[in-house]
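Each chain gets a letter, A, B and so on, in the order its sequence line appears, and its residues count up from 1.
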2 protein chains.
Amino acid sequence: MSLRHALLGLLSEGPASGYDLLKLFENSLANVWPATQSQLYGELGRLADAGLITVRSEGARGRKEYAVTEAGREELRHWLLDVKPAPIRRYEMLLRVFFFGQISTDDAIAYLREQQQAAEAAAEHLAEVGKMIAHHQDNFTVYGRLALEWGVRSNRLHQEWAEWAIGEVKAHDPTANTEPCDPS
Amino acid sequence: MSLRHALLGLLSEGPASGYDLLKLFENSLANVWPATQSQLYGELGRLADAGLITVRSEGARGRKEYAVTEAGREELRHWLLDVKPAPIRRYEMLLRVFFFGQISTDDAIAYLREQQQAAEAAAEHLAEVGKMIAHHQDNFTVYGRLALEWGVRSNRLHQEWAEWAIGEVKAHDPTANTEPCDPS
DNA sequence: CTCTGACATTCCAGTAGTGACATGTCGAAG
DNA sequence: CTTCGACATGTCACTACTGGAATGTCAGAG
């Protein structure tokens, strides 16, 4: 049910069409809550049915400009203040780690290296986002920067963990690599 | 499609029934990939239909003991080696941060404090898991500890970020109450 | 004038996950 | 001998999300 609130939040900053919202999503919320076009339009319809938003005007090309209603604003506040965010529970990347026993030590290390590189790439992407929004000062961007910093730190964690995990895997099976291990 | 591979992975360590797998899940994989009972049984059926696992024997109370087939082992290896894990993209917690403009600074800070506490609680939970598995030495546990360490670091990140973000929010609106309940 | 590309919406089939319910067996304790 | 809790599986309705296709409008470039 979070897309619903993401849309209410975006519309709280000003009226917009489905198409506008789709564009807005791309370089902001999509980083923390992606949504496809079909999902977005569907949700807008349901939101309108529920009276949380209204069609403020119909423009050219069938464009419908939506605006939040008072009920919508209320719902958004309620969600922000009273509903606890669901913690993340699914980590496909970590799931595989449990099964390292099924592959060779070298393959496991290669997997971890890839993860490290993926985090590096993600860090570059975030740096770009940071540059793009560097001169914006709207509410949305100001607070979005908090999320951005989370991303930066998260990527660092990812990289450092992978480094450490490679060490652990090597220590557990020293035959895989040049690093010797004490034969007590 | 990850539950499929989680089950193949569990069965790779030895045959088990749906019920057994459900229990196994609880204190290991559920931390990185939760699944409900209905999902699990459903997936076992599909896995058997696909020939990736077979019913090795039927015991008392309708118990069906499943074992991986060669095709299943192959599929698991393929997934481990060739399929890139999907990165995490949904952070309900961060989504709300974008909308801090809709609530008071004090409420935003309270939200971040709650997040910090949630991370603390999660850290305690992981510490317990760590204690529980301290003396196990199976493959599963050994590699699971890598995932556990990720969790520990992740919680630390969560807490430190929240601390930092509170500072940022305060800096952005200095009228907010700075030391809420410290009478020193 | 025509074509292209951005604007703009709607619908649909399919998959994954949730939560609840229904059903039944077996061993052990009282 | 009954009842209770662990064992054990199956089914259903619902929601969220994915990916793709279909449809059409309008402005500006050539």
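Applying the ring pair (Phe, Tyr, Trp, His ring centres under 6.0 Å) test to B:His78 and every residue at least two apart in sequence or in another chain returns nothing. Taking the ring pair (Phe, Tyr, Trp, His ring centres under 6.0 Å) definition, one finds that B:His5 meets it with B:Trp79, sequence neighbours left out.
The main-chain N or O of B:Ile133 is found under 3.5 Å from a side-chain atom of B:Arg145 such that the two form a donor-acceptor pair. Side-chain N or O atoms of B:Asp20 include one that pairs as donor or acceptor with a backbone N or O of B:Ser17 at under 3.5 Å. The main-chain N or O of A:Trp150 is never found under 3.5 Å from a side-chain atom of A:Ser154 such that the two would form a donor-acceptor pair. In this structure, B:Trp161 contributes its side chain and A:Gly151 its backbone to no donor-acceptor pair below 3.5 Å. The backbone N or O of B:Leu8 lies less than 3.5 Å from a partner atom in the side chain of B:Ser12, making a donor-acceptor pair.
Side-chain atoms of B:Ser38 and base atoms of D:dG10 include no donor and acceptor less than 3.5 Å apart. Judged by distance alone with a 3.5 Å cut-off, no donor-acceptor contact links the side chain of A:Gln37 to the base of D:dG19. Counting distance only, with no hydrogens placed and no angle test, the side-chain atoms of A:Gln39 and the base atoms of D:dT18 include no donor-acceptor pair under 3.5 Å.
Taking 4.0 angstrom as the limit, A:Arg63 places none of its side-chain polar atoms (N or O) nearer than this to OP1 or OP2 of C:dC7. Phosphate contact (OP1/OP2 of D:dG10, side-chain N/O of B:Tyr41, threshold under 4.0 Å): absent.
Atom CZ of B:Arg89 is separated from atom P of D:dC17 by 11 Å (rounded to the nearest Å). Rounded to a whole Å, the OH atom of B:Tyr19 is 15 Å from the C1' atom of C:dT23. The CD atom of A:Glu65 sits 10 Å away from the P atom of C:dT9 (whole-angstrom rounding). Residue A:Leu21 contributes atom CG, which lies 14 Å from atom P of C:dC7 at whole-angstrom precision. Protein atom CZ of B:Arg4 is 16 Å distant from nucleotide atom C1' of C:dG17, rounded to whole Å. Rounded to whole angstrom, the span from the CE atom of B:Met1 across to the P atom of C:dA16 amounts to 5 Å. For B:Glu58 and D:dC7, the CD to C1' distance is 16 Å, given to the nearest whole Å. When rounded to the nearest whole Å, the span between CG of A:Leu40 and P of D:dT18 equals 12 Å.
Within residues 45-56 of chain B, no residue is approached by DNA chain D to less than 4.0 Å at the level of any non-hydrogen atom.
Between A:Glu43 and B:Lys64, the residue whose closest nucleotide on DNA chain D is further toward the 5' end is B:Lys64. Between B:Gly18 and A:Ser2, the residue anchored closer to the 5' end of DNA chain D is B:Gly18, taking for each the nucleotide with the nearest heavy atom.
Across all strands shown, A:Arg90 has heavy atoms under 4.0 Å from sugar-phosphate atoms exclusively, and none from any base.
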